[in-house]
> 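Structure in structure tokens, see below.
Small disclaimer: the values here were computed from a predicted structure and weren't measured. A note on names: the letters A, B, ... follow the listed sequences, proteins ahead of strands, and every chain is numbered from 1.
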There are 2 protein chains.
Amino acid sequence: MDPAEPSGAARRVATRSDVARRAGVSTAVVSYVVNNGPRPVAAATRERVLAAMRDLDYRPNAVARALRMQRAHAVGLVVPDISNTYFGTLARVLSDRAFSAGYAMLLGDSHSDLERERAQIESLVTHRVDGLIVVSLEPGSTADVGTTPVVYLDQRTSKGQASVVVDNADGARQAVHHLAEHARRRIGHLAGPEGAPGTAARRSGWQEAALAAGLPADDDLVVHAPFSRDGGLVAGRELLQRSPRPDAVFVASDVQATGLLLAARELGIAVPDELAVISFDGTEETVFSDPPLTSVRQPVDRIVETALAMVLGESPPDEARSIPVQLVVRRSCGCDQTTQRIPDDATAGQAASSAADG
Amino acid sequence: MDPAEPSGAARRVATRSDVARRAGVSTAVVSYVVNNGPRPVAAATRERVLAAMRDLDYRPNAVARALRMQRAHAVGLVVPDISNTYFGTLARVLSDRAFSAGYAMLLGDSHSDLERERAQIESLVTHRVDGLIVVSLEPGSTADVGTTPVVYLDQRTSKGQASVVVDNADGARQAVHHLAEHARRRIGHLAGPEGAPGTAARRSGWQEAALAAGLPADDDLVVHAPFSRDGGLVAGRELLQRSPRPDAVFVASDVQATGLLLAARELGIAVPDELAVISFDGTEETVFSDPPLTSVRQPVDRIVETALAMVLGESPPDEARSIPVQLVVRRSCGCDQTTQRIPDDATAGQAASSAADG
DNA sequence: CTGTTAGCGCTTTCAA
DNA sequence: TTGAAAGCGCTAACAG
């Protein structure tokens, strides 16, 4: 079929030396044209090489390249649950940013299991990703990653681990403060799983703001649950059947809030009239729930950009780079507005971090 | 620091030959113990090697291994939008199954853009994944993947492309049939994007079942929209303001249904009383919407298992392996049950495919 | 401007 | 039971 092919070799993919042979040049020259350097190539030669590549349907082998360059051009991401819309959004943004920078993305799902988290990290390290971003389940977890740069997307307790964290406590404070302004007197907290990074910070932000507003913040106003719709449902049923019943709840994530809303419906509790709700995350889902959820928005773009830059060595690996969050008002808190930001849309992400301390 | 280290070399990760040197064996022996073969190793020797590996924190380099073995132990997945819960679930299941089989997963998000889909596929092929699973945007798209095995998770129009498809038409028929049994006389269809794989099959299933029930199935009962919440909202507003207004809608995906539900709320239309709704996908989200969505469930586990087996060469790459779907009844169709399967929970996935033809 | 060549870390045949 | 050595496809000195 191909007259220039020296032997009737079995169908295999073309390598760089096939291209070199067909173009009548050395393999080095092929490299030079593929990589646009590091040496110049005569225009005519380049054309011949390009033509040979086309003819042979040549595709550089990224594995060989990775071995040679000690750089896989790939980043890894490990999340507790990729079907959770927040992590889905995170993965999407990372995939995009990585792709633009010429990196592929390897994804591991830890199923909210520490053992599995370790195994996923191990797998990605073995595959020699150039950097690893992990949303962990335990603030003290410290997987052995050799020399692979890692940044955690959550609060760390161990020293020397790079991380980018949103200002969880401040977000919680903003939420509770807002609820208090709606004259809610008994603000519950549907918290994340006990021990998970961020859970404590969100809880103490809740507590602090409640106390500051002269409101109770006892243990029986809190219930912990996994970051899932079902977790929110089960915890919501429990919380809403305690007496006295809370007249507002600050929920640690959007998916849990979805569960809480269902619990409220089951119990015939009207939201926001009888129960105001504010969640954490601010995924697109909040717009479509009934009522639309007021929530503390995590700026996923910024989080990912920051983490990626750190992990790729373009920016120093800080121990806890902090990102501000911002309350986005919808209906579940009792406000009338369809959507409004606090304090001001124009200062998004800047002023927010110190706005709700009162 | 390490007395056995011959030179004070810069901190780099240990290679197999470091281990060999430290254990006083050849590199081949290290391979034998790492891989448990292909040659036997004396127990004492094995111990020495294991100890050396531990001491040096040795980790096999999957990139080198991949180059040598011509097998990356990785699979690729390309989806239109990983933040869509259906694709999130798909990714999760694939990641799990792949991991269990010793494979990593590379993920590409095409942003529902054909150009980008091609680029993502190209990237994964370049990274030499052992198999590629793609949820495409166009039934005729045919990316150049060289010799990489690909299976599409949707209807194909080009010949010779492996795919596993759910029985879209049958699912649509089941949905419409059920709606008709609720005495709905004007059943609209909120369809997927025009030209997307599966869109036509779902639409013709809708049409067929409507006509079979003596109901209208004209073009003005249909509106196409992207697979997103927002797409469903915009299309829903349009569909629900046509007159005469439909008294039921079969929606092509869960996320779109979420949008439609919001549109109904905006317009003060009660679901299911004034508008019955059935969606397609059956993600967990359907349980938590208000009202809970009756939907045609895609058996993600089976889909993924089938595709993975094909792509990994454990099963012949059929041109359109078909998977049955099943209607899961909740509230949005007008039924009272909280959850019930049709025809029978015990025969899930078996009987369903031919149940709704009447 | 182009070619030769030495590895990157690993597997595996072949010989000892 | 162990070791030597050839290469997987590529990059980048270095030499011409």
Side-chain angles (χ1 to χ4, degrees), chain A residues 9-10 12-50 52-53 56-74 125-128 130 146-148, chain B residues 9-10 12-49 52-53 56-74 102 125-128 130 146-148:
Chain A
R12 45 174 268 285
V13 323
T15 74
R16 190 206 41 180
S17 82
D18 296 326
V19 175
R21 195 170 329 120
R22 179 180 245 266
V25 299
S26 76
T27 57
V29 172
V30 179
S31 267
Y32 301 153
V33 356
V34 167
N35 306 325
N36 249 304
R39 305 254 58 99
V41 173
T45 313
R46 165 184 311 278
E47 279 318 315
R48 285 214 316 289
V49 172
L50 257 14
M53 289 180 14
L56 299 174
D57 189 25
Y58 170 73
R59 205 183 317 275
N61 182 330
V63 172
R65 180 168 219 262
L67 177 60
R68 174 62 228 238
M69 301 184 69
Q70 303 286 41
R71 174 151 270 254
H73 289 278
V125 168
T126 286
H127 278 274
R128 292 297 194 270
D130 301 310
T147 59
T148 305
Chain B
R12 43 173 269 285
V13 321
T15 74
R16 189 206 41 182
S17 82
D18 296 325
V19 175
R21 196 172 327 121
R22 178 177 246 266
V25 299
S26 76
T27 57
V29 172
V30 179
S31 266
Y32 302 154
V33 357
V34 167
N35 304 326
N36 250 304
R39 306 253 58 97
V41 174
T45 313
R46 166 186 310 278
E47 279 318 314
R48 285 215 316 288
V49 171
M53 289 179 12
L56 298 175
D57 190 26
Y58 170 72
R59 206 183 314 276
N61 182 329
V63 171
R65 180 169 220 264
L67 177 59
R68 172 64 227 236
M69 300 185 72
Q70 303 286 44
R71 173 151 272 256
H73 290 278
V125 168
T126 286
H127 278 274
R128 291 299 193 268
D130 302 310
T147 59
T148 305

> Rounded to the nearest angstrom, tell me the gap between atom CG in L67(B) and atom P in dT12(C).
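Nearest whole value for this atom pair: 13 Å.
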> For residues H127(A) and A72(A), report the shortest heavy-atom separation together with the two atoms involved.
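Minimum heavy-atom separation between H127(A) and A72(A): O-CB, 4.4 Å.
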> From the set dG3(C), dA12(D), dC10(D), return the single nucleotide nearest to any side-chain atom of P60(A).
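Minimum distance to the P60(A) side chain belongs to dC10(D).
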> Taking CD from Q70(B) and P from dC10(D), how many angstroms apart are they, rounded to a whole number?
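One finds 10 Å between P of dC10(D) and CD of Q70(B), rounded.
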> Check every strand shown and say whether T15(A) touches a base, only sugar-phosphate, or nothing at a heavy-atom separation below 4.0 Å.
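Contact class for T15(A): sugar-phosphate only.
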> Side chain of T27(A): nearest nucleotide among dC10(D), dT12(C), dT4(C)?
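Ranking dC10(D), dT12(C), dT4(C) by closest atom to the T27(A) side chain puts dT4(C) first.
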> Considering every strand and a 4.0 Å limit on heavy-atom distances, what is the contact class for V25(A): base, sugar-phosphate, or nothing?
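Counting heavy atoms under 4.0 Å across all strands, the contact made by V25(A) is with sugar-phosphate only.
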> Round to the nearest Å and state the distance from R59(A) atom CZ to dC10(D) atom C1'.
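Spelled out: CZ on R59(A) to C1' on dC10(D) is 16 Å.
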> What is the distance, rounded to the nearest whole Å, between atom CZ of R128(A) and atom C1' of dG9(C)?
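About 9 Å, once rounded to whole Å.
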> For R71(B) and dG9(D), give me the distance from atom CZ to atom P, rounded to whole Å.
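It is 16 Å, rounded to the nearest whole Å.
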> Nearest to the side chain of T45(A), heavy atoms from C-beta on, is which of dG9(D), dT2(D), dT2(C)?
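Out of dG9(D), dT2(D), dT2(C), the nucleotide with an atom closest to T45(A)'s side chain is dT2(C).
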> Kindly give the heavy-atom pair with the smallest separation between V25(B) and V30(B), and that separation in Å.
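Shortest heavy-atom separation between V25(B) and V30(B) comes out as CG2-CG2, 4.0 Å.
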> Which nucleotide in the list dG3(D), dT2(C), dT12(C) gets nearest to the side chain of R68(B)?
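Of the options given, the side chain of R68(B) lies nearest dT12(C).
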> If I take atom OG1 from residue T15(B) and atom CG from residue L56(B), how far apart are they, to the nearest 0.5 angstrom?
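Between T15(B) OG1 and L56(B) CG, I get 9.0 Å after rounding to 0.5 Å.
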> For N61(B) and dG9(D), what is the distance between atoms CG and P respectively, to the nearest whole Å?
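The answer, rounded to whole Å, is 17 Å.
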> Under 4.0 Å between a side-chain N or O of S26(A) and OP1 or OP2 of dG3(C)?
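Yes, S26(A) has a side-chain N/O under 4.0 Å of OP1/OP2 on dG3(C).
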> I need the minimum non-hydrogen distance between Y58(A) and A14(A), along with the two atoms involved.
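Looking at all heavy atoms of both residues, the shortest contact is CD1-O, 3.4 Å.
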> What heavy-atom pair brings V41(A) and V29(A) nearest, and what distance separates the two atoms?
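That closest heavy-atom pairing would be CG1-CG1, 4.2 Å.
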> How long is the line joining CG of D18(B) and P of dC8(C), in whole Å?
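One finds 11 Å between P of dC8(C) and CG of D18(B), rounded.
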> Atom NE2 of H127(A) and atom P of dC8(C): how far apart are they, to the nearest Å?
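Whole-Å distance recorded here is 22 Å.
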> Give each protein N/O atom lying under 3.5 Å from an N/O atom of nucleotides 13-16 of chain D, with the pair distance.
from: dA13(D); atom 1: N6; to: Y32(A); atom 2: OH; distance (Å): 3.0

> How long is the straight-line distance from OG1 of T27(A) back to CZ of R21(A), given to the nearest 0.5 Å?
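The CZ atom of R21(A) sits 11.0 Å away from the OG1 atom of T27(A).
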> Under 4.0 Å between any heavy atoms, over every strand shown, what does V63(B) touch: base, sugar-phosphate, or nothing? Just pick one.
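No contact at all - V63(B) keeps every heavy atom at 4.0 Å or more from the nucleic acid.
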> With nearest nucleotide decided by heavy atoms, which residue, R46(B) or M69(B), maps closer to the 5′ end of DNA chain D?
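The 5'-side residue here is R46(B).
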> How far apart are the closest heavy atoms of R59(A) and R128(B), and which atoms are they?
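It is O-NH2, 3.3 Å.
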> Can you figure out which of dC10(D), dT12(C), dG9(C) approaches the side chain of R65(A) most closely?
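Of the candidates, dC10(D) comes closest.
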